[in-house]
Amino acid sequence: MRRLFWSAAGIVLTLAIAIAALTGTRSGQDFLLQRLVAAVLVPAPAETFDGLRVFICGSSSPLPAANRAQACIAILAGEDIYLVDAGAGSPLTVNLARLPLQNLRAVLLTHLHSDHIAAIGDFNMLSWVAGRPAPLEIIGPTGVAQVVAGFNEAYELDGGYRTAHHGADLLPPDLHDMRARTIEAGRVLEHNGLVVRAFNVDHRPIAPAVGFRFDYKGRSVVISGDTVPTPDLLEAVQGADLLLHDAISLPIIQAFEKGAQAAGAERQAKILHDIQDYHAPVAALGQLAQTAGVKQLALYHLIPPPQNFLMERIFRRDLPAGAILTEDAMVFDLPANSSDVIVR
Ligand SMILES: [Zn+2]
Ligand SMILES: [Zn+2]
């Protein structure tokens with residue numbers, strides 16, 4: 001035993017001396033870096049999951065939180081990727097997970113609040129650079145054409161710079177501008193076995209606002225967008241495998257509101273008061289999921305995103321056991337023709 005200890009210690013010591021020697025010289029640093037780069041830049045394995053895969057690229061709301069981007073959910077069906085909303089910070093989460101953005105087929109917007117649209121320019125540019133073979137479609141309720149026209153104008157110079165620098169073969173200008181498609185409730189997309197339906201939600205005074213249901217190979221995911229629970233939502237959610245729902249913790253937000261009033265921060269207090277009537281209170285969601293026969297309830301667009309153990313406890317206390325508070329980069333796998341919901 002003692003012999004084993006000394007030989008292990010000898011190996012560790014020898015390695016430490018070798019690393020110290022290598023990192024202490026320019027040629028040693030370059031040697032190590034080249035090997036690290038080779039290990040990091042190998043292409044991600046071309047694994048195609050058979051089923052619906054859901055990647056949380058943003059679990060937060062406008063209230064700021066470290067390590068959380070604003071609203072964004074990626075749906076992977078076969079090789080196709082769709083995004084529901086594109087909040088600030090979400091491209092970083094997607095890039096760190098190395099999702100193959102050349103396969104991004106469309107961004108679906110639930111409504112046109114800034115915390116849901118801020119990153120569509122980034123996603124357009126990133127997927128274009130990655131080799132997306134067709135213009136990016138931005139699908140959303142009335143107003144989406146105005147938003148897309150504005151982004152296209154703002155990014156026109158950037159697109160021109162990149163084509164001039166890398167060449168039109170690599171970055172074709174005709175694939176740069178996004179295309180807007182205005183939708184209403186109903187079937188909005190059908191491709192390679194995936195069916196997407198939009199349903200109206202209640203986020204007044206923001207109207208129209210929608211949620212989306214994805215069905216693929218016998219599996220289903222519903223994304224609420226920002227809303228209070230409504231009859232249309234309850235109908236869309238029936239029997240879903242996974243419901244990702246917007247959620248506000250009223251006990252926490254009301255404590256924030258009182259705190260802002262006590263501190264004389266009238267503007268913050270007013271905003272914290274106003275937001276309480278157009279998001280789903282945590283306490284309503286367990287009942288909704290149970291009534292609709294949802295297999296897995298998961299909360300996103302967290303208001304506020306829990307910043308510590310106490311806030312997380314309060315957020316969870318009105319939720320049924322098994323409900324999930326999502327975090328960025330969380331993955332839900334729904335294998336084809338199965339009832340499993342695998343959370344990673
Ligand atoms: Zn909103
Ligand atoms: Zn929002």
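All values below were derived from every heavy atom in this structure, side-chain atoms included, with hydrogens, water molecules and symmetry-related copies excluded. Counting starts at 1 for both ligands and their atoms, following the listed order.
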Leu285 with Leu233, same ILVMFWY side-chain cluster at under 4.5 Å: yes
Under 3.5 Å donor-acceptor, Thr227 side chain and Asp202 backbone: yes
Over-ring placement of Arg219 relative to Tyr216, 6.0 Å and 45° cut-offs: no
Phe31 six-ring centre to Arg35 NZ/CZ under 6.0 Å and within 45° of normal: yes
Side chains of Asp80 and Asn192, donor plus acceptor under 3.5 Å: yes
Under-4.0 Å salt bridge between Asp30 and Arg26: no
Residue and atom, protein N/O/S, under 2.8 Å of the Zn ion (ligand 1): His111 NE2, His113 ND1, His203 NE2, Asp226 OD2
Atom name of the N, O or S atom in His301 that lies nearest to the Zn ion (ligand 2): NE2
